[in-house]
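What follows is a short report on a single structure.
Each residue takes its place number in the sequence, starting with 1.
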Amino acid sequence: MLKVGLTGSIAVGKSFVLGVLKELGCHVLDADEVAREVVRPGTAGLQAVVEAFGKEILGSDGTLDRSMLGAIVFADADKRKQLNSILHPFIIAAQDEELAGLERDDPDGIAVVDAALMIESGGYRRFDKLIVVYCEPDVQLQRLVKRDQLSLEDAQRRISSQMPQEEKKSYADFLIDTSGSWETTRQQVEDVFRQLKELSSAQ
């Protein structure tokens with residue numbers, strides 16, 4: 001099975017690209033979804049996060065208060081690194097388990113794993129190819145403000161807390177620019193998919 005990583009900065013349109021790849025026939029794993037799974041109540045992941053950041057990050061129902069935790073880690077680079085180092089092993093283990101199952105069922109398929117911090121964590125090395133999704137900085141800022149209802153200042157702070165887009169692009173085997181229309185983006189995704197199919201057939 002061809003294993004492909006998909007990454008990009010916050011609010012650049014990764015979810016749209018992943019949706020098109022799924023529609024085209026790829027198996028897709030969303031790291032955000034996996035990250036939510038590994039911190040469900042009763043999990044070792046949630047226990048580890050609570051031990052590091054305190055019980056105030058829990059809601060009244062015992063679930064993780066993601067906005068409270070987000071406010072803590074986006075304001076402090078060390079705490080953000082600490083959270084990523086706690087969750088990363090749980091997320092990788094869950095992904096590997098799912099990928100192994102997919103490979104058993106469809107050895108000739110293409111699996112795409114979406115994760116925002118794939119390059120920063122070194123996780124991209126686990127994949128055969130890497131797709132980096134990006135857009136113009138002003139488009140990214142506008143999308144983030146609109147999507148998360150943030151002030152310009154807060155949105156800029158979140159963007160600045162991540163690896164610059166230009167640096168991420170240097171790691172890519174394939175680049176998808178979402179600055180234009182969704183139709184233009186879709187055409188790029190379809191082109192990348194065709195190339196992935198060729199690689200998969202040649203394996």
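Side chains of Q188 and V192 form no contact here, defined as non-hydrogen atoms less than 4.5 Å apart. Within the 4.5 Å cutoff, the side chain of F127 has heavy atoms near those of the M118 side chain. Here the side chains of N84 and R80 are in contact, with some heavy-atom distance below 4.5 Å. In this structure, the side chains of V49 and F90 stay at 4.5 Å or more apart for every pair of heavy atoms. Put simply, the side chain of L83 does not reach to within 4.5 Å of the side chain of I72, judged on heavy atoms. Between F174 and V132, every side-chain heavy-atom pair lies at or beyond the 4.5 Å cut-off. Using a 4.5 Å heavy-atom cutoff, the side chains of L24 and E190 are in contact. For the pair D105 and H27, the minimum side-chain heavy-atom distance is 4.5 Å or more.
A salt bridge links E23 with R186: the closest approach of a Lys/Arg side-chain nitrogen to an acidic carboxylate oxygen falls below 4.0 angstrom. By the 4.0 Å N-to-carboxylate-O rule, R157 lies close enough to E153 to be salt-bridged with it.
The two residues L87 and V38 come nearest to each other via the heavy atoms CD2-CG2, 4.4 Å. Summarising the geometry of M1 relative to E103, their closest heavy-atom pair is N-OE2, 3.2 Å, with the distance given to 0.1 Å. Closest approach of L144 and A155 over heavy atoms only: CD2-O, 3.5 Å. Contact detail for I10 and Q140: the closest heavy-atom pair is O-NE2, 2.9 Å. Residue E136 comes nearest to S179 through the heavy atom pair N-OG, 2.8 Å, listed as atom of the first residue, atom of the second, then distance. Closest non-hydrogen pair, A116 versus T7, comes out as O-OG1, 3.1 Å.
Note: E56 CD to L69 CG = 10.0 Å, rounded to the nearest 0.5 Å. The NZ atom of K168 sits 6.5 Å away from atom CE of M163, with the distance rounded to the nearest 0.5 Å. Taking OG of S200 as the start and NZ of K129 as the end, the distance is 12.5 Å to the nearest 0.5 Å. Note that CG of L6 is 8.0 Å distant from CG of L130, once rounded to the nearest 0.5 Å. Note: D148 CG to D154 CG = 10.5 Å, rounded to the nearest 0.5 Å. The structure places CD of E51 at 5.0 Å from CD of Q47, a figure rounded to the nearest 0.5 Å.
In the hydrophobic cluster analysis, where Ile, Leu, Val, Met, Phe, Trp and Tyr join through side-chain heavy atoms closer than 4.5 angstrom, L199 is grouped together with V17. Both V50 and I91 are part of a single hydrophobic cluster, where members link through side-chain heavy atoms under 4.5 Å apart. Under a hydrophobic clustering in which Ile, Leu, Val, Met, Phe, Trp and Tyr are joined whenever their side-chain heavy atoms come within less than 4.5 Å, directly or via other members, L141 and Y134 fall into different clusters. A chain of hydrophobic side-chain contacts below 4.5 Å, direct or via other Ile, Leu, Val, Met, Phe, Trp or Tyr residues, connects Y124 to L175. Residue V112 is not grouped with residue I119 when hydrophobic side chains (ILVMFWY) are merged at heavy-atom distances under 4.5 angstrom, including chains of intermediate members.
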I would like to know whether L21 and I131 meet side chain to side chain contact (heavy atoms under 4.5 Å, CB included); could you show each step before the answer? CA-CA 11 Å; L21 287 168; I131 301 169; 4.2 Å; yes

Carefully, step by step, assess V28 and D114 under the rule side chain to side chain contact (heavy atoms under 4.5 Å, CB included). CA-CA 8 Å; V28 302; D114 163 34; over 6 Å; no

Report the C-alpha separation of V113 and V34 in whole Å, then their side-chain angles, then the decisive distance to 0.1 Å, and conclude whether the side chain to side chain contact (heavy atoms under 4.5 Å, CB included) test is met. CA-CA 10 Å; V113 177; V34 176; over 6 Å; no

Please walk me through it: do F53 and Q82 pass side chain to side chain contact (heavy atoms under 4.5 Å, CB included)? CA-CA 10 Å; F53 294 95; Q82 184 184 7; 3.9 Å; yes

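Between the side chain of S201 and the main chain of K197, a donor-acceptor pair closer than 3.5 Å is present. Not one N or O on the side chain of T178 forms a donor-acceptor pair closer than 3.5 Å with the backbone of K14. At least one donor-acceptor pair closer than 3.5 Å links the side chain of D128 to the backbone N or O of K3. Side-chain atoms of D65 never come within 3.5 Å of backbone atoms of I57 as a donor-acceptor pair (strictly under, hydrogens ignored).
Using cut-offs of 30° and 60° on the angle between ring planes, the pair W182 and F16 is tilted.
A side chain to side chain contact (heavy atoms under 4.5 Å, CB included) with P41 holds for exactly one of L58, T63, L64, D61; it is T63.
Environment of CD in E97: sparse, with no more than 12 heavy atoms of neighbouring residues, nucleotides or ligands closer than 6.0 Å. The number of heavy-atom neighbours closer than 6.0 Å to NZ of K169, taken from other residues, nucleotides and ligands shown, is above 12.
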